[in-house]
Amino acid sequence: MSRDRASRLEAKPLRLFVAVEIPETVKDAVDAVFAPWREQFPKARWAPRENWHVTLKFLGRTWPRLADWVPKQVEAAAREVEPFRTRVTGVGGFPSTGNARVVWAGLDDEDRRMSGLAATVEGGLLDEFPAEKRAFHPHLTVARSDPPVKLPSEFAETPLLTEDWEVDHVVLFRSHLRRPAPLYEPLARFPLGAGRPR
């Protein structure tokens, strides 16, 4: 490969996002709850469980000039937030259960700790990435559907309450667009509260 062609490939933007990982035991519980609904909506694109996460900030196209800057900003933001506990609770659909393009499992955020983490990460990246216009709603995307599906009324009553776990780090992921599902590559993990006086 010529040097010019190689440099052009390296200059392509990366698709990046910052997220919280989900423990395997929690994924087991979510998987079991959604298993019956998979059969009812076979045309929906059900996300593989290895792709389940809580997106804090979707950066999208990120140019190589920001390859060093982004991790530094995410690391600095993570240091500003102390570890906290959360759990998966409840199910739903975006934009609504009657017209769902996204089927999700929600997270307990009554204390706004997850929302605060998302806001801190976003704030650290505002010099290069615009703020999200939609309100932050911590969730796992379990399935997508186009056209949207109408979820039955009993879907919203599906019982889902997992064990809680400690959120003690965030992950910078790279998204590789592939079929049938994208591949999410973890580029770096940053501990919460690292370096702060205790």
Side-chain angles (χ1 to χ4, degrees), residues 9-10 12-64 66-67 70-71 74 86-107 109 114 117-118 121-122 125 129 132-134 136-152 155-156 158 160 162-163 165 167 169-190:
L9 288 175
E10 292 171 1
K12 288 183 177 180
L14 308 179
R15 288 174 56 87
L16 302 181
F17 64 92
V18 183
V20 167
E21 294 179 298
I22 307 300
E24 289 300 318
T25 53
V26 173
K27 289 182 180 181
D28 289 341
V30 173
D31 213 3
V33 165
F34 276 93
W37 296 107
R38 291 174 182 268
E39 299 174 4
Q40 292 200 32
F41 301 102
K43 294 184 179 180
R45 300 190 309 277
W46 294 89
R49 57 179 282 158
E50 61 267 24
N51 283 5
W52 291 351
H53 60 268
V54 183
T55 300
L56 299 173
K57 176 64 177 178
F58 178 72
L59 283 63
R61 289 163 59 90
T62 304
W63 296 98
L66 299 175
V70 166
V74 176
T86 190
R87 58 187 177 177
V88 177
T89 173
V91 301
F94 290 143
S96 68
T97 54
N99 188 44
R101 292 184 179 277
V102 173
V103 179
W104 51 260
L107 271 81
D109 194 33
M114 189 73 77
L117 174 58
V121 169
E122 181 172 78
L125 297 165
F129 300 92
E132 176 60 58
K133 296 179 181 179
R134 294 171 295 183
F136 178 73
H137 182 95
H139 67 279
L140 316 179
T141 295
V142 180
R144 297 180 183 276
S145 183
D146 187 13
V149 295
K150 182 177 182 180
L151 301 171
F155 174 80
T158 302
L160 175 57
T162 71
E163 63 184 29
W165 78 93
V167 177
H169 70 281
V170 299
V171 187
L172 177 62
F173 281 99
R174 178 181 180 183
S175 175
H176 300 270
L177 296 181
R178 298 181 180 178
R179 292 185 179 276
L183 172 67
Y184 298 146
E185 174 191 2
L187 299 181
R189 291 178 171 85
F190 303 106

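Proximity of Leu160 to Val88: side-chain heavy atoms (C-beta onward) are separated by under 4.5 Å at one or more points. Taking 4.5 Å as the limit, some side-chain heavy atom of Glu163 sits within range of a side-chain heavy atom of Thr25. Under the 4.5 Å side-chain criterion, counting only non-hydrogen atoms from C-beta, His139 is not in contact with Val54. Residues Phe58 and Glu132 fail the side-chain proximity criterion, which asks for heavy atoms closer than 4.5 Å. Counting only heavy atoms from C-beta outward, the side chains of Leu140 and Trp104 never approach each other to under 4.5 Å. Put simply, the side chain of Ser175 does not reach to within 4.5 Å of the side chain of Leu16, judged on heavy atoms. Residues Arg15 and Leu177 form a side-chain contact, since some pair of their non-hydrogen atoms from C-beta on lies under 4.5 Å apart. You'll find the side chain of Phe17 stays beyond 4.5 Å of the side chain of Lys57, heavy atoms only.
Of the options Val70, Val121, Thr55, a side-chain contact (heavy atoms from CB on, under 4.5 Å) to Val18 is made by Val121 and by none of the others.
Here CG of Leu183 is found 10.0 Å from CZ of Phe173. Values are rounded to the nearest 0.5 Å. For the atom pair Leu151 CG and Gln40 CD, the distance stands at 9.5 Å (nearest 0.5 Å). Between the CG atom of Leu59 and the CZ atom of Arg61 there is a distance of 13.0 Å, given to the nearest 0.5 Å. For the atom pair Leu14 CG and His176 NE2, the distance stands at 8.0 Å (nearest 0.5 Å).
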Practice problem: Let me see the working for Lys27 and Glu50 under salt bridge (Lys or Arg N to Asp or Glu O under 4.0 Å), right down to the final yes or no. | Solution: CA-CA 9 Å; Lys27 289 182 180 181; Glu50 61 267 24; over 6 Å; no
ask   = Does the salt bridge (Lys or Arg N to Asp or Glu O under 4.0 Å) test come out yes or no for Asp28 and Arg49, once each step is laid out?
value = CA-CA 9 Å; Asp28 289 341; Arg49 57 179 282 158; 2.9 Å; yes
Discussion item. Under the criterion side-chain contact (heavy atoms from CB on, under 4.5 Å), I'd like the reasoning laid out for Phe94 against His137: C-alpha separation, chi angles, the key distance, then a yes or no.
Written reply: CA-CA 10 Å; Phe94 290 143; His137 182 95; 3.5 Å; yes
- Any chance you could lay out the salt bridge (Lys or Arg N to Asp or Glu O under 4.0 Å) test for Arg38 and Asp31, step after step, and finish with the verdict? CA-CA 10 Å; Arg38 291 174 182 268; Asp31 213 3; 3.3 Å; yes
* Starting from the C-alpha separation in whole Å, work towards a yes-or-no answer on side-chain contact (heavy atoms from CB on, under 4.5 Å) for Val171 and Val20. => CA-CA 6 Å; Val171 187; Val20 167; over 6 Å; no
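Scanning both residues, Trp165 and Glu21, for their nearest heavy atoms gives NE1-O, 3.9 Å. Contact detail for Thr89 and Leu107: the closest heavy-atom pair is CG2-C, 4.0 Å. The two residues Ser145 and Ala100 come nearest to each other via the heavy atoms CB-O, 4.0 Å. In plain terms, the two heavy atoms of Thr162 and Ala29 that are nearest each other are CG2-CB, 3.9 Å. Here the closest non-hydrogen pair linking Ala105 and Phe34 is CB-CE1, 3.9 Å. Nearest heavy-atom pair, Thr86 versus Met114, reported as atom, atom and distance to 0.1 Å: CG2-CE, 4.0 Å.
Classification of the Phe41-Trp37 ring pair by plane angle, with boundaries at 30° and 60°, yields parallel.
His53 has its ring centre less than 6.0 Å from the ring centre of Tyr184.
A donor-acceptor pair under 3.5 Å is absent between the side-chain atoms of Asn99 and the main chain of Pro148, judged by distance alone.
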